[in-house]
Amino acid sequence: MCRLIYYELAKIWRKRSFVLTVCVLLILNLFLLWYVNCSNGEKVPLSAYKSFQNEIAEMSEAEKEDYICNLKETMDGVCLLQNVLDMQKMQGKSGKTLAKQEMTANPGVFEKYYKTYQEGNYLHFTDSIWQEKNFIDELYDEQQKVAGYDEYLQSVQGNKANLSGILIFGNQNEHSFSTRNIEKSAEDYATLSDQNIRWMPSKALLVSMESIWTDLFLILSVFLFAGNLIFEEKEKKLFYITRSTKRGQFQSVCAKLAALFVHCVAIAVLLYGCNLIFSEVTIGFGDVTASIQSIAAYMESNLNISILGYIIGSVLTKSVVIFGTGAILTAL
């Protein structure tokens with residue numbers, strides 16, 4: 001059986017046209033990954049995330065929070081100053097009136113950050129004030145969300161405690177969907193804690209694992225493999241020989257499905273491996289042994305796994321799902 005599986009794989013992977021097609025898919029995948037995420041004046045460049053990741057690489061969680069809070073405070077002050085200056089340039093008295101109201105609502109901010117604004121020291125990661133503002137706001141929101149993970153866990157357990165009180169003194173149905181959902185959530189999150197939480201920006205993981213183009217290329221590669229697997233034998237009329245041999249049909253089907261599964265795993269590892277390398281080079285990862293909840297986009301996950309475990313599990317899951325699709329196509 002192993003020799004038959006190897007034969008099924010070799011007859012496709014050794015075809016020059018198939019190898020060339022896979023190479024084209026890889027190149028297109030990397031190009032689209034770069035093109036979709038490249039800066040166009042509004043989007044924050046990937047190099048900004050890389051620079052920021054290098055800045056916080058050796059920081060503790062408390063130091064990260066202080067650092068991002070200071071950046072946030074500075075950018076808020078500089079942007080307020082920019083707005084005041086823009087208002088003062090407006091024609092008529094309305095602009096000056098609005099500028100005065102803004103300065104009155106934020107006393108001392110204009111004077112505090114005027115020198116910083118004049119020297120341009122507030123641009124650490126991007127080339128424009130509004131790109132910098134959007135970038136810092138994004139990172140600040142993510143950091144604050146992850147920093148409140150312990151409170152989030154307590155709120156989940158608190159919902160269960162509140163529910164228990166309602167059930168005792170009220171007329172709520174303990175078998176209702178909402179009741180069972182709250183109890184199930186409390187059980188799922190009971191084993192989690194904030195001990196292995198080490199915040200890092202979400203960008204690298206999202207770019208690597210959430211690319212729709214990579215998913216489409218993965219499906220396309222499986223369709224190509226399944227098509228080559230079947231049509232070549234059909235054209236050469238080898239199925240007549242397979243059917244006439246003892247157990248030939250069963251073993252042939254099993255070998256083809258096994259070869260398809262190996263291909264699905266291999267191509268998924270190849271595509272997402274390229275994505276991870278691209279993200280590491282252009283964006284940068286932090287400590288991948290930290291809990292998956294260290295990433296703000298996945299903070300509400302109830303999986304007790306690391307970022308690396310999530311990556312491995314995600315690639316294997318995609319491989320199994322796409323194998324099911326390819327198996328149906330092969331059967332048809």
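Side chains included, hydrogens not; waters and symmetry mates left out as well; all remaining heavy atoms used.
- In this structure, the side chain of Asn29 does not engage the main chain of Leu25 through any donor-acceptor pair within 3.5 Å.
- In this structure a side-chain-to-backbone donor-acceptor pair under 3.5 Å is missing from Gln293 to Asp194.
- Note: Trp13 and His263 have tilted aromatic rings, judged against thresholds of 30 and 60 degrees for the angle between ring planes.
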- Message: ring pair (Phe, Tyr, Trp, His ring centres under 6.0 Å) for Phe135 and His124? Distances and angles first, verdict last.
- Response: CA-CA 11 Å; Phe135 179 59; His124 299 286; over 10 Å; no
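- Donor-acceptor pairing under 3.5 Å is recorded for the side chains of Gln154 and Asp150.
- Residues Ala48 and Phe125 approach most closely at CB-O, 3.5 Å, considering heavy atoms.
- In this structure, the side chain of Ser291 does not engage the main chain of Ser294 through any donor-acceptor pair within 3.5 Å.
- A donor-acceptor distance shorter than 3.5 angstrom exists from the side chain of Gln131 to the backbone of Lys43, with no hydrogens or angles considered.
- Ring orientation note: the planes of Phe31 and Tyr35 are close to parallel, at an angle under 30° on the 30°/60° scale.
- Within the 3.5 Å criterion, the main-chain N or O of Met75 finds no donor-acceptor partner in the side chain of Glu132.
- Among pairs with a residue in residues 297-318, those fulfilling salt bridge (charged side-chain N to carboxylate O under 4.0 Å, His left out) read Asp215-Lys318, at least two apart in sequence or across chains.
- A 6.0 Å sphere centred on CD1 of Ile212 holds no more than 12 heavy atoms belonging to other residues, nucleotides or ligands.
- Judged by distance alone, with hydrogens and angles left aside, the side-chain atoms of Lys64 form a donor-acceptor pair with the main-chain N or O of Trp199 at under 3.5 Å.
- Side chain of Gln53 to backbone of Lys50: no donor-acceptor contact under 3.5 angstrom is found.
- Counting only distance, with no hydrogens or angles, the side chain of Asn37 and the backbone of Val44 share no donor-acceptor pair below 3.5 Å.
- A salt bridge links Glu73 to Lys112: one of the charged nitrogens lies within less than 4.0 Å of a carboxylate oxygen.
- The stretch residues 196-205 participates, sequence neighbours left out, in these salt bridge (charged side-chain N to carboxylate O under 4.0 Å, His left out) pairs: Arg198-Asp287.
- By the 4.0 Å N-to-carboxylate-O rule, Lys145 lies too far from Asp141 to be salt-bridged with it.
- In terms of modelled atom types and a separation under 3.5 Å, the side chain of Ser279 and the main chain of Leu276 share no donor-acceptor contact.
- Using a distance-only test at 3.5 Å, with no hydrogens or angles considered, no donor-acceptor pair links the side chain of Ser211 to the main chain of Val207.
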